[in-house]
Amino acid sequence: MTRDVSSLIRPATIAVIGASARKRAQGNAVIDNLLSRDCESRIIPVHRSAETIQGLATVPAIEDLPDNVDLAIASVPAAAAVETAKALEKRGVKSAIFFASGFSQEDGDAFRSLAAETAMNIQGPNCMGLINLNAGLFLYPATTSSKIRAGKVAFIAQSGSAAITLMNSAEFGISKIITVGSEFQLTAADYMNWLATDDDTAAIGVVLEAIKDPDAFARAARRVFENGKSLVILKVGNSAIGSAATLAHTGSMTNDADTYRLFFEANGIATVEDYDELNAALEILSRHGHQHGMGKLAIVGISGGQTALACDVAATVGVELADFSDAVIRQIGAVSPGTLAQNPVDFGSVTDEAARDIAGSIKAILDDDGIDMLAVIQDCQAGLHEMSLDSYSSPIDAYCRSARAASKPIIAISATSEEIHPDIRAKFESHGIPIISGLREGIVGIRTISRPRPRTPVETAEIPATLARKTRALDLMQDELKNGRSQLTPESGLDILTAYGIPTATSLVVKNAAEAAERSAEIAFPLVVKIASRDIAHRSELGGVVLGVPDMDGLSAAIAQIARSVAAAAPDARIDGYELQREAPGDIEAVVGFVASPPFGVKVMVGTGGTLVELTDDLAMGLAPLTVEDAQALIASTKLGTRMDGYRNLIARTDTRPLAALVSTLSLMALELGDRVTSCDLNPVMIRAGSGEVTVVDVLMTVA
């Protein structure tokens with residue numbers, strides 16, 4: 001459910017609980033901030049004994065508040081939060097902001113429960129309130145930076161310190177600053193949804209630690225984009241390894257950061273990696289916004305070294321450099337003879353200013369349909385000597401003249417992170433050119449102009465009815481779940497895959513060499529023999545696999561060899577028997593798998609497989625469900641896909657569709673079984689050169 005937060009952002013009546021008549025408290029700081037900015041809202045302090053606080057008439061208790069109070073500022077201890085919220089709810093207050101932190105487990109659980117059930121909006125706790133600069137509403141419990149000014153950028157953060165950082169560093173104007181804290185009820189998505197239709201906001205920046213409801217967040221992002229606004233995310237806490245299933249290769253080779261990256265990419269949401277990049281992106285987006293089909297960048301400047309370094313940075317952060325057409329090369333040669341007409345353009349190579357026409361050259365560049373954006377690399381540091389400042393005035397003026405008629409974004413970048421000279425900033429900004437400190441920050445900010453293309457969602461109608469398959473799979477794992485196993489036997493895993501129509505190698509499990517001799521005819525030689533043990537996940541690592549067993553003598557020898565190897569490597573492992581498997585033909589080995597990634601669903605992976613799967617580190621990932629086309633795109637992005645495309649004729653060019661169909665089917669299986677199967681590893685999947693025919697020969701499934 002999306003909540004209307006208008007009463008928080010534009011409150012006509014504000015109650016303040018927790019302001020003191022004798023000492024300074026957070027409630028007093030909020031009142032100071034409101035009064036010092038000529039707030040037009042009615043402010044009503046609540047105090048049981050004082051008649052006035054900071055010149056404002058009080059009421060003695062929450063129940064004495066007038067009707068239709070829009071917002072209550074609840075500056076109360078954590079232990080009093082639930083009682084205060086209940087009283088505000090009973091009085092009919094529409095919304096409340098709670099600053100408190102340090103909740104006990106009991107108090108936290110009680111407050112979460114109340115917040116989930118009440119119709120009253122609750123922001124926080126453990127937050128720093130919000131600021132609506134457009135209306136002069138500083139619902140903020142501390143002194144604010146004098147640097148902030150009203151503008152078109154909104155900022156949402158789960159961290160109050162992030163808001164402080166932005167206020168002290170942003171050069172752009174701000175519309176709203178919202179700190180959501182611990183999100184016991186209201187989340188960043190609720191505010192994104194409101195800001196999507198806010199006339200005072202053009203770009204939204206969000207600092208996230210976690211997303212609790214991905215569907216709500218994705219819906220809010222879509223609404224932002226549908227209303228022509230921009231959105232950029234800084235996700236913090238990316239270094240922690242995800243907790244899901246480290247037994248599977250595919251589980252151990254991924255983490256939470258991958259999951260968030262996939263979520264943002266799937267929903268077309270631009271991301272950055274630190275505060276400086278966020279500031280740069282918001283500075284640029286507030287002027288140019290997201291623009292579809294904008295990706296190819298031209299770089300110009302008066303220093304060959306700096307423009308070359310900018311190209312290096314562009315390659316590192318994934319910004320495509322434009323190739324100049326013959327027409328652009330000819331035109332630059334005509335208006336700026338002596339300038340090497342290639343990307344990047346070094347105007348400094350022509351020392352005779354009369355012989356170069358910077359504005360004319362830039363016009364030629366931006367008039368070309370194959371070039372989308374222009375970065376101007378120019379030293380603009382506050383510490384520039386007056387002589388340097390004077391010598392730079394001519395190219396800076398030319399850049400500014402270019403912007404007057406330009407229909408494409410021009411962004412100025414100072415090569416270092418030092419503060420920008422105020423005169424240069426004023427000149428660029430007056431011509432609509434954002435100016436950014438730092439090459440990486442500027443290039444990353446430019447990257448956000450062209451936001452990722454969202455993935456087309458797989459409609460329910462496209463997913464085949466598989467209830468019977470799911471029922472069969474659950475039946476197969478029931479006995480093992482009852483026994484408390486953390487992983488299914490390979491035999492059960494292969495049976496589950498077969499139930500979903502995934503091609504698997506024929507196999508059976510025998511208890512000993514004698515039973516193997518009796519039943520080998522059911523499989524037929526050549527065979528692969530593997531240890532069957534509930535305690536061993538990766539069998540080849542312990543000498544538990546023998547390939548290419550040709551006959552009965554070889555079978556007996558293989559079982560004896562495996563028994564010796566496993567006894568030495570894992571003497572305490574329980575041995576269930578030996579798996580006999582028909583050797584599957586194949587020229588390439590792939591790995592396919594999934595890992596449950598709540599609350600985002602299931603993450604599916606495909607790449608180069610075999611015993612060196614971690615060493616090759618060749619995986620592409622996507623969030624389930626995946627279509628066959630989605631899976632083919634993932635395969636194409638891997639080294640496996642390059643090999644299947646006939647790399648250096650090492651193998652025949654191989655059809656990827658059978659493998660992609662397997663990946664797609666597994667993604668649907670993962671969705672259906674995700675509450676039971678936490679991870680699945682198919683390694684190796686044997687692929688025949690040419691036809692691309694696939695066969696799964698080994699499976700590891702971990703269960704909840």
Do [X] and [Y] touch side chain to side chain, with heavy atoms closer than 4.5 Å?
{"X": "I269", "Y": "F217", "result": "yes"}
{"X": "F594", "Y": "V677", "result": "yes"}
{"X": "M192", "Y": "R223", "result": "no"}
{"X": "L555", "Y": "I559", "result": "yes"}
{"X": "E579", "Y": "T489", "result": "no"}
{"X": "L662", "Y": "V685", "result": "yes"}
{"X": "L682", "Y": "L666", "result": "yes"}
{"X": "I496", "Y": "M669", "result": "yes"}

Sub-3.5 Å donor-acceptor pair from the side chain of [X] to the main-chain atoms of [Y], do we have one?
{"X": "T638", "Y": "I635", "answer": "yes"}
{"X": "H290", "Y": "K229", "answer": "no"}
{"X": "S450", "Y": "M294", "answer": "yes"}
{"X": "K212", "Y": "E183", "answer": "yes"}
{"X": "E226", "Y": "A221", "answer": "no"}
{"X": "Q581", "Y": "V697", "answer": "yes"}
{"X": "N683", "Y": "V592", "answer": "no"}
{"X": "T187", "Y": "A189", "answer": "yes"}
{"X": "T118", "Y": "L114", "answer": "no"}
{"X": "R453", "Y": "G268", "answer": "no"}

Distance-minimising heavy-atom pair for [X] and [Y]:
{"X": "A689", "Y": "I651", "value": "CB-CB, 4.4 Å"}
{"X": "L262", "Y": "G622", "value": "CD1-N, 3.9 Å"}
{"X": "T678", "Y": "V703", "value": "OG1-N, 4.0 Å"}
{"X": "Q561", "Y": "V546", "value": "NE2-CG2, 3.9 Å"}
{"X": "V628", "Y": "A661", "value": "CG2-CA, 4.0 Å"}
{"X": "E273", "Y": "L234", "value": "C-CD1, 3.3 Å"}

Distance, nearest 0.5 Å, that separates [atom1] of [X] from [atom2] of [Y]:
{"X": "D535", "Y": "L542", "atom1": "CG", "atom2": "CG", "value": "11.0 Å"}
{"X": "I156", "Y": "Y191", "atom1": "CD1", "atom2": "OH", "value": "9.0 Å"}
{"X": "D587", "Y": "T654", "atom1": "CG", "atom2": "OG1", "value": "7.5 Å"}
{"X": "F225", "Y": "H292", "atom1": "CZ", "atom2": "NE2", "value": "8.5 Å"}
{"X": "S540", "Y": "L547", "atom1": "OG", "atom2": "CG", "value": "9.0 Å"}
{"X": "R539", "Y": "I531", "atom1": "CZ", "atom2": "CD1", "value": "8.5 Å"}

Examine the side chains of [X] and [Y] and answer whether a donor and an acceptor come within less than 3.5 Å of each other.
{"X": "S664", "Y": "S667", "value": "no"}
{"X": "T616", "Y": "T608", "value": "no"}
{"X": "T504", "Y": "T498", "value": "yes"}
{"X": "T259", "Y": "D256", "value": "no"}

>> Could you walk me through whether I233 and L208 satisfy the side chain to side chain contact (heavy atoms under 4.5 Å, CB included) test, starting with their C-alpha distance in whole Å, then the side-chain angles of each, then the deciding distance to 0.1 Å, before giving a yes or no?
In response: CA-CA 7 Å; I233 305 294; L208 289 172; 3.7 Å; yes

> Could you walk me through whether D618 and L640 pass the side chain to side chain contact (heavy atoms under 4.5 Å, CB included) check?
Replying inline: CA-CA 7 Å; D618 180 38; L640 170 69; 3.8 Å; yes

> Stepwise, does the side chain to side chain contact (heavy atoms under 4.5 Å, CB included) test hold for I211 with F264?
Replying inline: CA-CA 11 Å; I211 295 175; F264 294 136; 4.0 Å; yes

Assess whether a salt bridge exists between [X] and [Y], defined as any Lys/Arg side-chain N lying under 4.0 Å from an Asp/Glu carboxylate O.
{"X": "E209", "Y": "K235", "value": "no"}
{"X": "R3", "Y": "D190", "value": "no"}
{"X": "K511", "Y": "D576", "value": "no"}
{"X": "D645", "Y": "R653", "value": "yes"}
{"X": "E515", "Y": "R519", "value": "yes"}

> R261 and E265: salt bridge (Lys or Arg N to Asp or Glu O under 4.0 Å), yes or no, with the steps?
Replying inline: CA-CA 6 Å; R261 174 181 57 80; E265 288 176 355; 3.4 Å; yes

> Does the side chain to side chain contact (heavy atoms under 4.5 Å, CB included) test come out yes or no for L623 and V602, once each step is laid out?
Replying inline: CA-CA 6 Å; L623 292 177; V602 183; over 6 Å; no

> In terms of the angle between their ring planes, are F103 and F184 parallel, tilted or perpendicular, with boundaries placed at 30° and 60°?
Replying inline: tilted

>> With side chain to side chain donor-acceptor pair (under 3.5 Å) as the criterion, how do D495 and S492 come out once you've worked through the C-alpha distance, each side chain's angles and the decisive distance to 0.1 Å?
In response: CA-CA 5 Å; D495 285 344; S492 295; 5.5 Å; no

